[in-house]
Every structure is written in structure tokens, then in C-alpha cells.
Asks: 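Pasting in a structure now, in C-alpha cells, and then I'll have a few things to ask.
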Amino acid sequence: MKKILVALFCLAALVLSGAGAASWWVMRQMGPDIWVQQAEKNWNCRAQIDEASLNLLTSPATLVFKGVHLARRDAEADKPLPERARMEAATADIYIAELRLEVRLEDLLKKRVHVENLAIIEPVIRETQTPDGSTLEALFKKPRSEKTTSNAAAAATANTAPSPAPPPASAPAAPEQSLPLDEDPAAFSFALAAARIERGSFFMNTKDTTVQVTGLDYSISGLDMDTLKPGDELDTAIKAHVAVTGMTRIQGVKRKAEIALLDLTGEGRITPLHPQTREWKPSALLTLTLAKGSILGGQQTIGDAAGKDLRKLEEFGIDLAPVPIGGPLQQDAPIQARWVNGALILPQGCLFVFPDYEVALAPKSWLDTGRDTHELDIRLSCGPELQERLHTGIAGARLGRDFARGLIAALSDKRGRLTFDIKSRGSLSDPKVTPDTDRALKNLMSGQGLGDLLKGFLK
């Protein structure tokens, strides 16, 4: 028995030693420096990976990177890796505490990164939107090569220098051949079966708006860059806390305020490639739920947003000026949404229940927080307290009982609640809000309240 135990111990030691030696050899071939070089070769960035390890005793093998930094390219990117100043997490546009890949060793040896599972743990992503575009978009553009830069400089010099005498006739030079990416011996092919983000954070700044996404859990599956075609769809799921802060007009003065504070969950399908251009431009069809207690607006009033456009309503005793726009949700709000180029479009509309009223957004309403713009067609249906106050206002406007009764009937929905149609356009931080009277006019044309209104006019 003792000899058997010794033999098993030696075998285990041999396996561990072999795995350690294999890991050491693979990491020499594909350690952090290789991945940094690949990133900087294909993207306009500076990269840094603090630590990397490979565990061959798991099946599939587990490749782990810690302290992954991506930032805009600077002078340090031109230096050899050992001579570079260390990049701190707070200065990186993208920082990932841990990147864990379950990979097939045989694929790694063939320079094919086939990831069974990718876990991106505690990433922090920072983006700034400017008139010139997104800092993240610039980060992932193809870098300009030294040859391209030198050729451009030579062309500029040639345009300003005197024209030289033509050279003697000779055979034309063979055109320089560039090696396709898939034939580049240093290039990696890439496939991804499933990926997830755990406890992520995303911060986006524009001129007047800040979006903060925290507690982000996100998953996607079925991504294979070798076989991906325009129109292919990938399954996705999301959970996050979203805070949006921006400039908004409150009591006549523009000031910074919390526009939204959301707890959301959702799932859907993503189309990564644009169907016409075949460029990487993801769009998505999502089913989202904003949890009860989430806050949408609430600081600005209808009077702040609509101003003088409410005066006509006030002549009839309808005072909506002090009513807040939004507030805390009184129940979960399910949303069917399409996300395209940063804009959220509502193909089927949706319903939000606030303390004083319900708001139904019409189909095809949309908003874009990054560009601070929107087009929303809103139907506001009063709750009991607001309805009672408006009834009192209409009655106190001395319009006469018949006229008041006819006006209430024209403005009421099928449930008998006072309902106002509103259009909101332009900047999210300073929207242009105007009443829409089409529905009330249709009610009158169909006879709802028309008789009482006529009696009121005759009296």
C-alpha cells in the first residue's frame, strides 16, 4: 500500500509539473505582452495587463488576466513595454479587474481564441461624447501606421516642393502587397460561445448630461467572429441600476438635477452587424422592466416645461402648471424597446404609473440620453386626487354648469378619467411641451359633451 501511495504521489507531482511547464511555455508564447501588442496593433489605444495566468488542470483551460487597462494612445505607447510608466485604473478609459476566459489549449496553440465562457469581472468603462464623436469609438479605431503617416508627410512635402525632372523610363514597380488580416501570422481568430459582465460600471458624459450605470450584470451568447453574418441575432440579458443627471429648467432657472434613477432588468436579441454596411453597429430588440420605486423625472413641473402654452387651459379652470413631470413609479413598468445607434425606440409604447396620474407613451416614441433629445407623444390620465382638483377648478371658472360638464366629457377617456394629450420634443433637459387637442376634438365630433357645450354657449 505504501508503494502505491508513493507511486500515486509521484504521478500527481509529475502531472502538476507537466501542467506547470506547459502553462509556462504557453504564457511565454501568449503572455500579457502578446495581448498588449495585439490590442495596440488593431486599436488606437494604449494597453496594459498587470498579471496573467493559465490553469491547464481545468477543462477547458482557464486563462486569467488581472488589471486590464485600455486608454487613448499616448507617447508611452511608442516605448518598449518594460520602459513605460505604469497606468493607473483611474486614468484608463476601460479598466477590468479580472478577465477570465475558458479556452481550448489546442486552439490557443493554433492562434485561435475559442472562448467557451468569458467573464468580465468589475469592469469600469468611461466615455465622453463630444461634437467630434465618442472617446470609446476613437479608442477602437484602426491606428494609423508609421508608413501611412510618413507617406502622408511625403505627399505634403511633394505638393509644396518644386516639381523634379521626370525620371528615365523604366519598368513599373510591383505594387506593395499588404497581408490580409486572416493571413497575418501574428493575428488571432476569435470565437465566443458565451460571455457575461459581473458588477460592471459605465459612466458617460456629454455637454449637459451624465449617465451612470452601476451594478451591471450582463450576458450574451453565440458570438463567433469567424461565422457572424449581417442579420445574425444573439441572446442577451441585463440587470443594472441607472442614474441620469442633467440640466433642466426648474422654476424658470436651468439647474442640474437628477433626471432618472432606475432599477431595470431585461432580456432580448442583439444584431451586431449592420445589415447593409456590414459594419459593427449593434442594435437590439429588448424586453425591459423598470422596477416599482424607480424615479423618472419629478423635479420639473408641467408649468416649467410648457409655460405660456398652458394659458388657454387655465382659461377653462384647468391648472396643470404645478403638476410634476414624472416621479417614483407606483408599479413595475414593462417596456418593449428597440435600441439603435444609442436611441431607445418604443415600437408598442408603454405605461408609467406615477403618484398623481398615469402616463402612456404612444408607439414610436423615442429618446436618446447620449444626444439629449427625444420625441414623446404622451397621454396623461389623472388619478383621483388630481381629477378632483381639476373638477373643482373647472367648476370655479364660471363657465356654467352645462359648459363645464361638456368640457369634462370631451376631455375624459373611456374610464371617465380626465385625460390630456401632450407632445414633448427637443432636449430632454429642457423639453418643449405642448398640448395636443386632437382627441378632445374627436370626442366632440362624435357627440361626447357636444350637447352640454352648445347649451353652455347658448346660455
Side-chain angles (χ1 to χ4, degrees), residues 206-209 211 242 244-262 288 290 294-314 318-330 333 335-383 386 390 411 413 417-441:
T206 64
K207 180 182 177 182
D208 294 322
T209 308
V211 179
V242 182
V244 182
T245 304
M247 300 298 293
T248 188
R249 191 175 300 278
I250 301 175
Q251 296 180 347
V253 179
K254 287 197 75 172
R255 63 185 69 176
K256 196 164 229 182
E258 191 173 73
I259 297 173
L261 193 63
L262 312 175
L288 303 173
L290 301 184
S294 294
I295 298 173
L296 280 169
Q299 294 80 12
Q300 192 179 45
T301 64
I302 294 178
D304 289 326
K308 62 182 181 181
D309 291 315
L310 292 177
R311 290 176 186 169
K312 191 64 178 176
L313 291 176
E314 291 171 357
I318 301 171
D319 184 11
L320 294 176
V323 177
I325 299 177
L329 293 177
Q330 304 301 292
I335 302 171
Q336 294 282 339
R338 183 173 291 278
W339 181 77
V340 182
N341 293 331
L344 199 66
I345 305 167
L346 307 176
Q348 302 176 15
C350 59
L351 178 69
F352 301 114
V353 181
F354 296 110
D356 294 326
Y357 52 83
E358 294 179 2
V359 166
L361 298 184
K364 299 183 180 179
S365 294
W366 61 270
L367 57 89
D368 189 330
T369 56
R371 295 177 177 83
D372 188 30
T373 186
H374 73 297
E375 286 189 11
L376 301 178
D377 291 327
I378 303 166
R379 178 160 293 175
L380 185 155
S381 299
C382 297
L386 179 58
L390 293 180
L411 292 174
D413 62 12
R417 299 190 308 176
L418 281 177
T419 301
F420 301 91
D421 292 340
I422 300 167
K423 291 183 180 293
S424 183
R425 301 288 188 268
S427 169
L428 280 165
S429 56
D430 191 12
K432 176 65 174 176
V433 178
T434 56
D436 183 355
T437 59
D438 288 351
R439 184 186 54 83
L441 290 175

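Treat the numbers as computed from the prediction; the structure is a model and nothing was measured.
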Asks: So which heavy atom on Pro347 is nearest to which on Ala337, and how close?
Replies: CD-CA, 4.0 Å
Asks: With sequence neighbours left out, write down each residue that passes side chain to side chain donor-acceptor pair (under 3.5 Å) with Gln336, or none if nothing qualifies.
Replies: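 Applying side chain to side chain donor-acceptor pair (under 3.5 Å) to Gln336 gives Thr287.
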Asks: Supply the atom-to-atom distance Leu344 CG to Trp366 CH2, rounded to the nearest 0.5 angstrom.
Replies: 11.0 Å
Asks: Between OG of Ser381 and CZ of Arg379, what distance do you get to the nearest 0.5 Å?
Replies: 7.5 Å
Asks: What distance separates Leu329 CG from Ser294 OG, expressed to the nearest 0.5 Å?
Replies: 5.5 Å
Asks: Can you name the closest pair of heavy atoms from Thr301 and Pro322 and give their distance?
Replies: CG2-O, 3.9 Å
Asks: Test your reading of the model: is there a side-chain donor-acceptor pair from Gln299 to the backbone of Ile259, 3.5 Å cut-off?
Replies: no
Asks: So, for Pro328 and Pro355, which heavy atoms are closest and what is the spacing to 0.1 Å?
Replies: O-CD, 3.4 Å
Asks: Using the salt bridge (charged side-chain N to carboxylate O under 4.0 Å, His left out) criterion, which residues pair with Asp368? Sequence neighbours excluded.
Replies: Arg371
Asks: Show me the pairs that pass salt bridge (Lys or Arg N to Asp or Glu O under 4.0 Å) and involve residues 340-349, at least two apart or across chains.
Replies: none
Asks: For the atom pair NE2 (His374) and CG (Leu367), what is the distance rounded to the nearest 0.5 Å?
Replies: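 Spacing of NE2 (His374) from CG (Leu367) equals 8.0 Å.
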Asks: Just to verify, what does Phe352 make a ring pair (Phe, Tyr, Trp, His ring centres under 6.0 Å) with, not counting sequence neighbours?
Replies: none
Asks: Testing Leu262, Leu261, Leu290 for side chain to side chain contact (heavy atoms under 4.5 Å, CB included) with Ile295, which one passes?
Replies: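 For Ile295, the side chain to side chain contact (heavy atoms under 4.5 Å, CB included) test succeeds with only one of Leu262, Leu261, Leu290, which is Leu261.
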Asks: Show the nearest heavy-atom pair for residues Arg417 and Glu358, with the distance to one decimal.
Replies: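 So the two residues come closest at NH2-OE1, 3.1 Å.
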Asks: Is there side-chain contact between Cys382 and Asp356, with heavy atoms separated by less than 4.5 Å?
Replies: no
Asks: Side chain to side chain donor-acceptor pair (under 3.5 Å) with Ser365: which residues, sequence neighbours excluded?
Replies: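 With sequence neighbours excluded, Ser365 shows a side chain to side chain donor-acceptor pair (under 3.5 Å) to no residue whatsoever.
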Asks: To the closest 0.5 Å, what do you measure between CG (Leu380) and CZ (Phe354)?
Replies: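 Answer for the CG-CZ pair, Leu380 versus Phe354, is 9.5 Å.
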Asks: Which residues pass the salt bridge (charged side-chain N to carboxylate O under 4.0 Å, His left out) test with Asp377, not counting sequence neighbours?
Replies: Lys423, Arg425
Asks: Looking only at atom types and distance, does a side-chain atom of Tyr357 sit under 3.5 Å from a main-chain N or O of Thr419, one as donor and one as acceptor?
Replies: no
Asks: Using every non-hydrogen atom in the two residues, find where Ile302 and Leu320 come nearest and quote the distance to one decimal.
Replies: CB-O, 3.5 Å
Asks: Mind checking the CZ-CD1 spacing from Arg338 to Ile345? Nearest 0.5 Å is all I need.
Replies: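 Between Arg338 CZ and Ile345 CD1, I get 7.5 Å after rounding to 0.5 Å.
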